[in-house]
Trainee: 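Structure in C-alpha cells, see below.
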Amino acid sequence: SQQGEEDPQALSIQEGENATMNCSYKTSINNLQWYRQNSGRGLVHLILIRSNEREKHSGRLRVTLDTSKKSRSLLITASRAADTASYFCATVTTSGTYKYIFGTGTRLKVLA
Amino acid sequence: DAGVTQSPTHLIKTRGQQVTLRCSPKSGHDTVSWYQQALGQGPQFIFQYYEEEERQRGNFPDRFSGHQFPNYSSELNVNALLLGDSALYLCASSLQGTGNTIYFGEGSWLTVV
C-alpha cells in the first residue's frame, strides 16, 4: 500500500510538553506536507518540507528527516490545549503525479 | 482573501440518489482536487481538475465524476449513492504543478441512508 503511516495513532500529553509524531512511507518520500484537522473540519496546512531539506522550522513546529527509515517527524514544542487535533502527513510518492497520499493520522490530545 | 469554499456543509441523501457538491478554489489557484475522508481515516484522492479537464484519478468508480468551470470552480457528482459513500468530501486547491501546497476547504458532510 502506498498509504503513509503516522505513529503513534494517538498521543496524550500535558500542556507545555512537546509532542512528536512520525510519518513513514514504504516508498521514497518527495515533498512532505503536514496538516492539522480539528474534529469534523477541513485540513489546515501547517508546513511543507521539500525532499532536499533535512529540517525545517515554523513557529513551534519542527520537521526533520530520517532517510534511513524513510520517515519524517513533526515536533510541536510547548504544546497548548488548542493544539488538540488530528495531524496528517501527505506526500506525492511518485514523481510527476498530482495524487497526494495521506497517512492515517495521529490524534493528539493536550491536557490543560 | 477567501480561502477554499465548499457547499453544502451537510446533506443527507437516500441510497440510489445522486448528489452534487460544489467548490470554489482559493483566489489565484487554478487546480482543484477532491478527496473523500471516511470517519477515522485519512483523506483518499478522488481526482484532480486542471484547465477544465480531469488530470488524474484515484481508485474510485465511474459513479464519481466531476467538472471544472472556466472560473476554476468545480463540482463533484456522485451517482447511485451507496451507504459506503457516507463521508466528508474535501476540496483542495493549488497552483498547477507537482509539489505545490494544497489548501483545503471545510468539507461537505454526506450521509447516505
Side-chain angles (χ1 to χ4, degrees), chain A residues 1-10 21-25 28-53 56 58 61 63 74 85-108, chain B residues 3-7 9-10 21 23-26 29-51 53-60 68 86-111:
Chain A
S1 166
Q2 284 189 307
Q3 187 171 34
E5 293 180 2
E6 280 106 332
D7 80 271
Q9 291 188 334
M21 290 160 259
N22 299 298
C23 173
S24 61
Y25 287 81
S28 298
I29 298 174
N30 292 298
N31 299 340
L32 191 84
Q33 313 211 34
W34 284 92
Y35 290 85
R36 184 186 73 230
Q37 185 177 40
N38 290 88
S39 181
R41 309 288 304 274
L43 279 76
V44 174
H45 182 259
L46 296 176
I47 191 167
L48 161 69
I49 184 166
R50 302 198 180 276
S51 53
N52 60 352
E53 296 175 304
K56 192 165 183 179
S58 177
L61 305 179
V63 181
L74 170 67
S86 291
Y87 291 81
F88 293 91
C89 58
T91 191
V92 175
T93 56
T94 304
S95 176
T97 71
Y98 308 98
K99 174 182 174 181
Y100 272 91
I101 306 295
F102 280 79
T104 51
T106 292
R107 284 163 289 289
L108 173 66
Chain B
V4 180
T5 58
Q6 291 187 243
S7 64
T9 53
H10 293 82
L21 307 178
C23 171
S24 291
K26 184 177 167 65
H29 285 181
D30 55 9
T31 301
V32 173
S33 303
W34 287 92
Y35 289 79
Q36 180 195 65
Q37 186 179 21
L39 209 59
Q41 301 295 316
Q44 299 288 320
F45 177 81
I46 303 176
F47 43 52
Q48 184 182 87
Y49 276 84
Y50 171 66
E51 291 189 336
E53 290 192 359
E54 182 182 294
R55 180 157 67 175
Q56 189 169 3
R57 190 179 184 92
N59 263 351
F60 281 81
Q68 185 179 36
S86 295
L88 178 65
Y89 288 85
L90 295 160
C91 173
S93 75
S94 62
L95 293 172
Q96 74 93 12
T98 60
N100 290 320
T101 297
I102 55 174
Y103 295 89
F104 284 85
E106 289 295 325
S108 294
W109 274 106
L110 171 64
T111 301

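In what follows, every chain begins at residue 1, and chains take the letters A, B, ... in the order their sequences are listed.
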Trainee: Within the structure provided, determine whether Y100(A) and I102(B) are in side-chain contact (heavy-atom separation under 4.5 Å).
Mentor: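 Touching, per the 4.5 Å side-chain cut-off.
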
Trainee: By a 4.5 Å heavy-atom criterion (distance strictly below it), what part of E6(A) contacts chain B: side chain, backbone, both, or neither?
Mentor: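 No part of it gets close to chain B.
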
Trainee: Is N52(A) atom CG crowded by more than 12 heavy atoms from other residues, nucleotides or ligands, each under 6.0 Å away?
Mentor: yes

Trainee: Check each atom of F47(B) against the heavy atoms of chain A and say whether the ones under 4.5 Å are side chain, backbone, both or neither.
Mentor: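 Contact with chain A: none, neither part.
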
Trainee: Kindly say whether the aromatic ring centers of F102(A) and Y35(B) come within a distance under 6.0 Å.
Mentor: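 Close enough - the centres of the two rings lie under 6.0 Å apart.
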
Trainee: Examine whether an atom of L39(B) lies under 4.5 Å from a heavy atom of chain A, and if so say whether it belongs to the side chain, the backbone or both; otherwise answer neither.
Mentor: neither

Trainee: Would you mind telling me which of L88(B), T101(B), L90(B), T9(B) has the largest number of heavy-atom pairs within less than 4.5 Å of chain A?
Mentor: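 Top option by heavy-atom pairs under 4.5 Å: T101(B).
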
Trainee: Is it true that atom CD of Q9(A) has more than 12 heavy atoms of other residues, nucleotides or ligands lying nearer than 6.0 Å?
Mentor: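 Open: at most 12 neighbouring heavy atoms sit under 6.0 Å from CD of Q9(A).
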
Trainee: If you measure from CZ on R41(A) to CZ on F104(B), what distance do you get to the nearest 0.5 Å?
Mentor: 15.0 Å

Trainee: Without swapping roles, check the side chain of Q33(A) against the backbone of N100(B) for a donor-acceptor pair under 3.5 Å.
Mentor: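 Looks like yes, one N/O pair under 3.5 Å.
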
Trainee: Highest number of heavy-atom pairs under 4.5 Å with chain A: which of Q37(B), Q48(B), R55(B)?
Mentor: R55(B)

Trainee: Under 4.5 Å heavy-atom distance to chain B, tell me which part of L48(A) shows up: side chain, backbone, both or neither.
Mentor: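 The answer is the side chain of L48(A).
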
